[in-house]
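Here is the structure we will look at, set down as structure tokens.
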Amino acid sequence: MKRLYNSPDTVVSEALEGMALTHPELLRLAHDPTYVARVDAPVADRVAVVSGGGSGHEPMHVGFVGPGMLSAACPGELFTSPTADQVEAAVRAVDAGAGTVLVVKNYSGDVMNFEMAAELLAADGVETETVLVADDVAVEDSTYTSGRRGVGATVLVEKVCGAAAARGDSLAQVAELGRRVAARSRSLGFALRAGTVPATGRRSFELPDDEIEFGVGIHGEPGRERRPMEPVDALVDRAMAAICADFDPGVLTGEVLLFVTGLGSATPLECSIVARRAVRELDRRGLRVARNLVGSYMTSLDMLGVSLTVLVLDEQLAELWDAPVHTAALRWGA
Amino acid sequence: MKRLYNSPDTVVSEALEGMALTHPELLRLAHDPTYVARVDAPVADRVAVVSGGGSGHEPMHVGFVGPGMLSAACPGELFTSPTADQVEAAVRAVDAGAGTVLVVKNYSGDVMNFEMAAELLAADGVETETVLVADDVAVEDSTYTSGRRGVGATVLVEKVCGAAAARGDSLAQVAELGRRVAARSRSLGFALRAGTVPATGRRSFELPDDEIEFGVGIHGEPGRERRPMEPVDALVDRAMAAICADFDPGVLTGEVLLFVTGLGSATPLECSIVARRAVRELDRRGLRVARNLVGSYMTSLDMLGVSLTVLVLDEQLAELWDAPVHTAALRWGA
Amino acid sequence: MAERLAATDVTAVFRGFQQAVQRDRDLLTDLDTAVGDGDHGTNLDRGMRAAVEALDATPPDTPGAVFNLVGRRLVSTVGGASGALYGTAFLRAAKAAGAAPELDAAGFAAVLRDATTGIAERGKCAAGDKTMYDVWTAASAAADAALGDGLAAVLAAASIAADAAEQQLVPWQARRGRASYLGERSEGHRDPGAVSSRLLFDCFAAWAAA
Amino acid sequence: MAERLAATDVTAVFRGFQQAVQRDRDLLTDLDTAVGDGDHGTNLDRGMRAAVEALDATPPDTPGAVFNLVGRRLVSTVGGASGALYGTAFLRAAKAAGAAPELDAAGFAAVLRDATTGIAERGKCAAGDKTMYDVWTAASAAADAALGDGLAAVLAAASIAADAAEQQLVPWQARRGRASYLGERSEGHRDPGAVSSRLLFDCFAAWAAA
Ligand SMILES: Nc1ncnc2c1ncn2[C@@H]1O[C@H](COP(=O)(O)OP(=O)(O)O)[C@@H](O)[C@H]1O
Ligand SMILES: Nc1ncnc2c1ncn2[C@@H]1O[C@H](COP(=O)(O)OP(=O)(O)O)[C@@H](O)[C@H]1O
Ligand SMILES: [Mg+2]
Ligand SMILES: [Mg+2]
Ligand SMILES: [Mg+2]
Ligand SMILES: [Mg+2]
């Protein structure tokens, strides 16, 4: 399948060069090992926030580096977690002595490589706190698995931690807020078509024309089930039901933040249509969508689908959400 | 082909409802006739800026409504220009007595409907000035055609006019600045795959696996030529050559703004790879990319491709580009 | 043979036109897919349905009022080039028809002349540009030439001329509208707006022959 | 028969492992496509190429230094679960090997024991979770049991146990790593990390047999 690449091997490195070339006032790209840091890091007396993960989910994470969000991001190969080296180097570059929060999506590879980096840093007196994101209700959480996958809530955790760090919160406080976001978020995604793997030029899975993958992962992992295709409102209702049913009793009340992300090929028209139904569906359940974010912020190459995330807000989280942010992909108040 | 729709007939109306529901602080959606206006319009003593066009190019134009950019947008049916009624109603809703600039892409339908609206408004004492955008170098400009198509420069014109209006420029001044942007911009796009027309569920044209449409229009109109597929750098070089060759002698010097827009299914990775080459190519030609905008800001349903625009800056235009803007799709300084 | 067009007659012609457009919607859209953006059939079908609904809701009592209502509805519901062009044509027709309760041969020819001029002005087009204007101007000229022979002859002549014009322009290169972007590649294609205009004149002739 | 592993010997084994991974890259990736994200072959191939390059550039002079260099290169270039796990295993092996110029049977078994514990700690996994750990722990137990018979016997025993373990876990359900998301659907599939680990032990045995 034709794509806008030069060669499968250079996709990640060329895209990073493009990001650095078009955001010189914001980003600094380091090589060997690869990471992307705020140009003005380390920021004195402030906790740093570092995330990372496999590439192919852009703008996450590099697009979220900048004042009010990430201090640095470590992009791995396509769909492959970054190496411990990358994480270690990024933290060393941005840590100002106040410690660093590591935002980690719950995949074995990510967890282990960040953990190794944290060990190496600790041995050297650099303090880190890890916030693990595991919000995907499509995967059952049990001690017999590696737990749930981290998806959309990652973006929300990064925003809130970045805002808390910017206002001067301590390492423990920033981490606690990140964990609070992670704990109060639930997500589910569905795909009508898989993404195209650059190395092979083929889709990572094939779906018949009348079926969808419900509960899909952002690396094209299979989800809860293959289901018949339905009008999008029905799919949104189904996703919302799964998300809402998963919150602990009593948690899902009051004001929520709705995050709708296209997974790569969903058009803005489609994202808006999904958001329309999701807002109405939450409304019908007596919840107020006090904040929302709609667009393609966490993707899976060119997958056709969306992922929905609901975060139960409190005053503090709403305030941190509203705080200024200036990154390539998310910007307000600055 | 599966898409995230409920029915082809409701795509536009449901997406608009979604936009209004998720941006209540920013947008007001009016029905019969349909338009989307800033909630705070009319803004006293300020020139209004109104644009519009067929739907299917989101976030253009509705995503650009808000302080510092459009006062209102008139979304037509998919790929069909809005009616004169829509334009007239939108202008009446946002005109503060200081006049309204109409930003019109050069398609017969758009031109005529905006013209009819302007006539009706003039008869009623509402002053308008039209800025015509016709920046697509893929189409030959001659008296024997309807002239060039308006593409990427539209976004730049809307931003600059919106900023000029916000700072209090007169109707004539805002229009003059818009025309300056239009005159100093050139664009070209290419597609590897056409978009999927909701009504038929089929692509608007089919391309063999080893060919691309070079100089494609944003309604899937054919371009200059069908060419063999090449690595994306070669395609970008080709587009840049066509764009740069088209400027009048002596105009293309100094600082430029580069605008790279994905046409629907281009991923952020792909947009960054294109931007990387475009920046280098302009650099090689002795031009400095002083400003840039990279992302999917003007699309053609889910077309896989990009469009490149070069605007030759001057101090005034750079300042207006940098001015605060707060819209659903473009936001900074606010 | 009917020698005058009353409001109900013009309404009947537009009803016929709506049915013709509905019948040939896919043809019009296919023609527009080849040289434009593939929406001419959908556009005009949407507009004429709305126009007929309006005529049903509040039947106008002069030919001018019928033209005015149809023109307004098209302007409000079609969009695109054809919405502006048909809308302008019928609004100009309304103005030319004024408050007269009926149109005779001369009245109709005058109305057609003004409507045709309206298209030229709105579209900034001329004869030979390969647009619907070629059909209208041919029809108008034929109507003028047949003036002395009464209304039925005028309508028949207009229809015959419209058909001939639509066929004649097929080999030409388009110089206005989306088809003009194609340059030489527009040659050999029928123009969608010319085809729908031809349907309109055929409906007038059919009324006269009925 | 070689009864001691010097730095050059361990280097030779890793060269063999690099070739085996390169040869079976697509197999490993296909296995990972079925139960994971289809990158295990690519990941390990990238890492082992880098490791061998480093061994060529600055040949280490103790077994511990070889393990250390390979571990470091894997940590730097692989990413993913296997980068962390193989990296940890070889770094722990390096630590256990210390500065000794050679490893005998007991030395190798001790190194293997620590490396295996490293995997368990890093992966938070246990026997029966259907991961590469099942292969390592089986190999380590067999090595311990064969201690008295000398190094060659230890390496042969480890390899035989690794092969058997890899085959044994096929019907199980994965409880760690990406494959665990599949639940019951992981049953009947080979585990990619277990297969690549088996290749490693086969390379040690092949060296001893050569
Ligand atoms: N400038 C023009 N002058 C006269 N007729 C035009 C002009 N532009 C377009 N047309 C007519 O309009 C028809 C296309 O109508 P339609 O497809 O509904 O609008 P659009 O081109 O906006 O999609 C063409 O076939 C042609 O006859
Ligand atoms: N938590 C874990 N404990 C032990 N082994 C694991 C764990 N997670 C993954 N593995 C091993 O890693 C292999 C997958 O490696 P690889 O595909 O390179 O990494 P990733 O899963 O990050 O893509 C699995 O086949 C399994 O043997
Ligand atoms: Mg992986
Ligand atoms: Mg159209
Ligand atoms: Mg058309
Ligand atoms: Mg894998």
Side-chain angles (χ1 to χ4, degrees), chain A residues 8-9 32-34 52-56 74-89 106-117 119-120 136 138-149 197 199-200 202 204-205 215-224 300, chain D residues 25-26 29-30 32-44 46-47 50 71-89 91 118-119 121-126 128-133 172-186 193:
Chain A
D9 299 332
D32 290 314
T34 302
S55 293
C74 307
E77 293 291 312
L78 285 168
F79 289 174
T80 298
S81 79
T83 65
D85 272 40
Q86 289 177 266
V87 178
E88 189 196 348
N106 189 34
Y107 300 94
S108 300
D110 295 71
V111 170
M112 290 191 260
N113 283 286
F114 274 86
E115 193 180 88
M116 287 179 76
E119 286 171 16
L120 293 165
D136 191 343
V139 175
E140 261 182 274
D141 191 14
S142 96
T143 45
Y144 298 115
T145 71
S146 285
R148 285 183 160 168
R149 302 177 296 216
V197 181
T200 61
R202 279 175 295 144
S204 61
F205 55 84
V216 75
I218 55 171
H219 310 90
E221 305 97 329
R224 278 199 178 179
S300 177
Chain D
R25 187 184 59 190
D26 293 349
T29 288
D30 287 350
D32 194 32
T33 301
V35 294
D37 58 351
D39 61 1
H40 186 58
T42 329
N43 285 349
L44 210 54
R46 178 173 64 246
R72 286 201 171 280
R73 291 312 291 151
L74 293 184
V75 168
S76 302
T77 57
V78 178
S82 58
L85 292 165
Y86 275 109
T88 299
L91 291 177
I119 291 175
E121 286 173 14
R122 180 65 64 211
K124 302 199 175 50
C125 56
D129 284 351
K130 189 174 181 176
T131 68
M132 57 190 277
Y133 177 70
W172 302 351
Q173 178 171 332
R175 295 179 169 188
R176 282 290 171 269
R178 268 172 219 285
S180 72
Y181 301 142
L182 289 180
E184 294 180 0
R185 279 185 286 165
S186 62

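If you're wondering where the values come from, they're calculated on a predicted model, not measured in any experiment.
- Contacts of Thr77(D) with chain A are made by backbone atoms alone, with heavy-atom separations under 4.5 Å and no side-chain atom involved.
- Heavy atoms of Val75(D) lying under 4.5 Å from chain A belong to its backbone as well as its side chain.
- Although no hydrogens or angles enter the test, the distance criterion places a donor-acceptor pair under 3.5 Å between the side chain of Asn113(A) and the main chain of Gly80(D).
- When every heavy atom of Ser300(A) is checked against every heavy atom of Phe79(A), the shortest pair comes out as OG-CZ, 3.6 Å.
- Using the six-membered ring where Trp is involved, Tyr86(D) and His40(D) have ring planes that are parallel, under 30° apart on the 30 and 60° scheme.
- Cys125(D) and Tyr133(D) make their closest contact through SG-CB, 3.6 Å (heavy atoms, listed as atom of the first residue, atom of the second, distance).
- Considering only heavy-atom pairs separated by less than 4.5 Å from chain A, the leading option among Leu85(D), Val35(D), Leu91(D) is Leu85(D).
- At a 4.5 Å heavy-atom cutoff, Gln86(A) makes no contact with chain D through either its backbone or its side chain.
- Heavy-atom distances place the side chain of Glu77(A), and not its backbone, under 4.5 Å from chain D.
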Kindly indicate, with the supporting measurements, whether the criterion side chain to side chain contact (heavy atoms under 4.5 Å, CB included) is fulfilled by Val111(A) and Asn106(A).
-> CA-CA 6 Å; Val111(A) 170; Asn106(A) 189 34; 3.5 Å; yes
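- Only the backbone of Pro82(A) comes within contact range of chain D, with heavy atoms under 4.5 Å apart.
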